[in-house]
Amino acid sequence: MKLSHFQTFAPVCPVCRTQRGSDNALVIANVFDGDDQVIQHGMLHCSEASCQHEYPIIDGIPIIVESLRTYLPQQLADLLYRTDLPADTLSLIGDCCGPGSEFDAKRQQLSTYCWDHYGDLLPVDLREPPHSAFVSQTDQECSGSMTRVLHAALDRCSETIASGADLGPGPLLDVGCSVGRAAFELAARYQQPVLGIDINLGMLRIAAKILRDGLVRYDRRRVGMVYDRIEHELKFSAAEFVDFWACDAQALPFAENSVAGICGMNILDSIHSPTQLLFEISRVLQPNSSVVLSCPYDWTPSATTVEQWIGGHSQRSVDGGAAEPMLRRLLSGTEPSIPLKLIDEQNLPWHLRLHSRSRVTYDCHVTLSQKLAERQPAPTVQ
Ligand SMILES: C[S@@+](CC[C@H](N)C(=O)[O-])C[C@H]1O[C@@H](n2cnc3c(N)ncnc32)[C@H](O)[C@@H]1O
C-alpha cells in the first residue's frame with residue numbers, strides 16, 4: 001500500500017459506514033514490513049474507539065472489507081496461491097487437484113484475464129506457436145480488447161469535455177480492476193492518482209506484483225490441464241500514480257463525493273447487486289464527475305442472483321427482458337438513490353481466451369454517465 005494513496009483516498013471503516021452510517025477514518029496501526037513510501041505487510045485500524053476493527057495489509061494490498069471473518073476463508077486459496085513455485089510443481093498440483101477443482105478454476109481465470117490485459121504486450125518469443133492463422137491473428141488483434149474499449153469510451157469523455165464529462169482532475173477509481181491494466185491506462189492518460197479495487201485477491205496479487213517488481217507471471221492455459229509459464233517485464237509509464245486494494249465495490253470504504261472519475265469494466269454482471277454498485281459509484285463520485293461502465297450482460301446466478309439481474313428475465317415485460325432499457329432507466333437521473341445521468345452509449349467487442357483453440361467474443365454495452373450536481377428530489381408519494 002502506497003502511503004500517498006492512503007492519504008489521497010483516506011479510507012473509512014466499512015463496518016462503521018455500513019452498520020452505523022458514520023465515516024470513521026482508518027489509521028496505520030502497525031508496519032511489519034515497509035518504508036516511508038510503501039507498506040508490504042501491516043495493519044490498519046478503525047480510529048473510532050468503540051470499533052477498532054482491524055484490516056490487514058498483505059503483500060502490499062490492504063484488505064478493507066466489512067466482514068474479514070467471511071472474506072478471508074473464502075479467499076484462502078488465492079491467499080496461498082504461489083506463483084513463485086516452479087511451473088512443473090504447479091503443473092503437478094494442477095493434475096492432482098484435477099479439472100473442476102478450485103485450483104483449476106483460479107488458474108483458468110488468471111490465464112484468461114492476463115491474456116486480455118497484457119497479451120498485447122507479450123514479447124514475441126512468448127507468443128503462442130502459430131499453429132493456425134486464427135491463433136496468430138487473435139493474439140495480436142484481439143488481446144488487449146478491454147484496454148481498447150476503455151480508451152474508446154474515454155475518447156468519448158474527452159469529446160464531450162465541453163459538458164465537463166472528462167474524468168478528473170483528482171483521484172480516480174477502477175472498480176473490479178482484476179489484474180490491473182485499466183488502472184495503469186488511466187494513470188498514463190490522466191496523470192492522476194488511480195486506485196484499482198477488486199474483491200479477488202489472486203487477481204490483485206498479479207496486479208500488485210507488476211506494480212512492485214515490473215514483472216507479470218502467470219500460467220497460460222494451452223489445453224485441458226496443460227499450462228505454459230508466462231513471465232516477462234512490464235513497465236508502465238505512470239505506475240507511480242497506481243495502487244491496488246481489496247475492497248467490496250458494493251460497500252466502498254470512501255467518503256461521499258471523494259473521487260473525480262470511475263471506470264468499471266465488465267463488472268455489472270459479475271457482482272452480487274448491480275444496483276448497489278451503481279448506488280455506491282454515485283455516492284463516492286464528486287458532482288459533475290463521470291463514470292465509464294461496460295457490460296456484456298452475460299448473467300450467471302453464481303455471480304448475481306436472478307432477482308438482481310438488470311434484464312435477462314421476464315421476457316413478457318415491457319422491455320422483453322432486455323438489459324439496456326433497464327440500465328437507461330437507472331441512469332436517467334430520476335432514480336433518487338442513483339444521481340447519475342447517461343450521456344453516451346456505444347457497443348464494442350471484448351475478447352477473452354479460454355485456451356489455445358478457444359476465444360470468446362462479447363458485444364459490450366459501453367456507457368458514459370455523469371453525476372448530477374444536485375440530488376433529484378425524491379418523488380412525492382400520492
Ligand atoms: C468480468 S471481470 C472484469 C475484470 C476487468 N474489469 C476487465 O474488464 O477485464 C469482473 C471483476 O469484478 C470483480 N468483482 C466481482 N464482485 C466484486 C465486488 N463485490 N467488489 C469488487 N470487485 C468485484 C471480479 O473479481 C472480477 O475481477
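Every number for a ligand or one of its atoms is a count from 1 in the order of the listing. Index from 1, following the sequence. As the structure is a computational prediction, the values presented were derived from the model and not from experiment. Hydrogens, waters and symmetry mates are skipped; everything else that's a heavy atom, side chains included, is used.
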Closest protein heavy atom to atom 14 (N) of ligand 1, given as residue, atom name and distance to 0.1 Å: I199 CG2, 3.9 Å
List every atom of ligand 1 that sits less than 4.0 Å from any heavy atom of S178, numbering the atoms from 1 in the order shown and giving each element. 4 (C), 5 (C), 27 (O)
What is the closest protein heavy atom to atom 5 (C) of ligand 1, and at what distance does it sit? G176 O, 3.4 Å
Only one of D155, D166, D174 clears salt bridge (Lys or Arg N to Asp or Glu O under 4.0 Å) with R189; which? D155
Which residue and heavy atom of the protein sit nearest atom 10 (C) of ligand 1, plus the separation: N266 O, 3.5 Å
Quick check on contacts: which atoms of ligand 1 are under 4.0 angstrom from a heavy atom of M146? 7 (C), 8 (O), 9 (O)
Which of the numbered atoms in ligand 1 are below 4.0 angstrom from a heavy atom of Q250? 19 (N)
Got a donor-acceptor contact below 3.5 angstrom from the D213 side chain to the L215 backbone? no
Answer yes or no: is there a donor N or O on one side and an acceptor on the other, between the side chain of S294 and the main chain of N266, under 3.5 Å? yes
Between R148 and D116, is there a salt bridge with N-O shorter than 4.0 Å? no
Please identify which atoms of ligand 1 are closer than 4.0 Å to at least one heavy atom of A249. 18 (C), 19 (N), 20 (N), 21 (C)
Could you list which atoms of ligand 1 come closer than 4.0 Å to a heavy atom of N200? 25 (O)
Quick check on side chain to side chain contact (heavy atoms under 4.5 Å, CB included): which of L285, L167, L331 does V291 satisfy it with? L285
Looking at H117, which atoms of ligand 1 are within less than 4.0 Å of one of its heavy atoms? 5 (C), 7 (C), 9 (O)
Taking a cutoff of less than 4.0 Å between a non-hydrogen atom of the residue and any ligand atom, is C247 in contact with ligand 1? yes
What atoms of ligand 1 come within less than 4.0 Å of a heavy atom belonging to M265? 3 (C), 5 (C), 6 (N), 7 (C), 8 (O)
Can you tell me which residue and heavy atom of the protein come closest to atom 19 (N) of ligand 1, and the distance to 0.1 Å? D248 OD1, 2.8 Å
Closest to atom 27 (O) of ligand 1 among protein heavy atoms sits D198 OD2, 2.7 Å
Which residue and non-hydrogen atom of the protein lie closest to atom 2 (S) of ligand 1, and at what distance in Å? Y113 OH, 3.5 Å
Does the pair E128/R359 count as a salt bridge with the N-to-O cut at 4.0 Å? yes
For atom 15 (C) of ligand 1, the protein heavy atom that lies nearest, with its residue and separation: S270 O, 3.3 Å
NZ or CZ of R107 within 45° of Y227 ring axis and under 6.0 Å: yes
Salt-bridge test for E345 and R328: reply yes if a basic N is under 4.0 Å from a carboxylate O, no otherwise. yes
What atoms of ligand 1 come within less than 4.0 Å of a heavy atom belonging to M203? 27 (O)
So, N200 versus K106: side-chain donor-acceptor pair below 3.5 Å or not? no
Side chain W309, main chain T304, donor-acceptor under 3.5 Å: yes
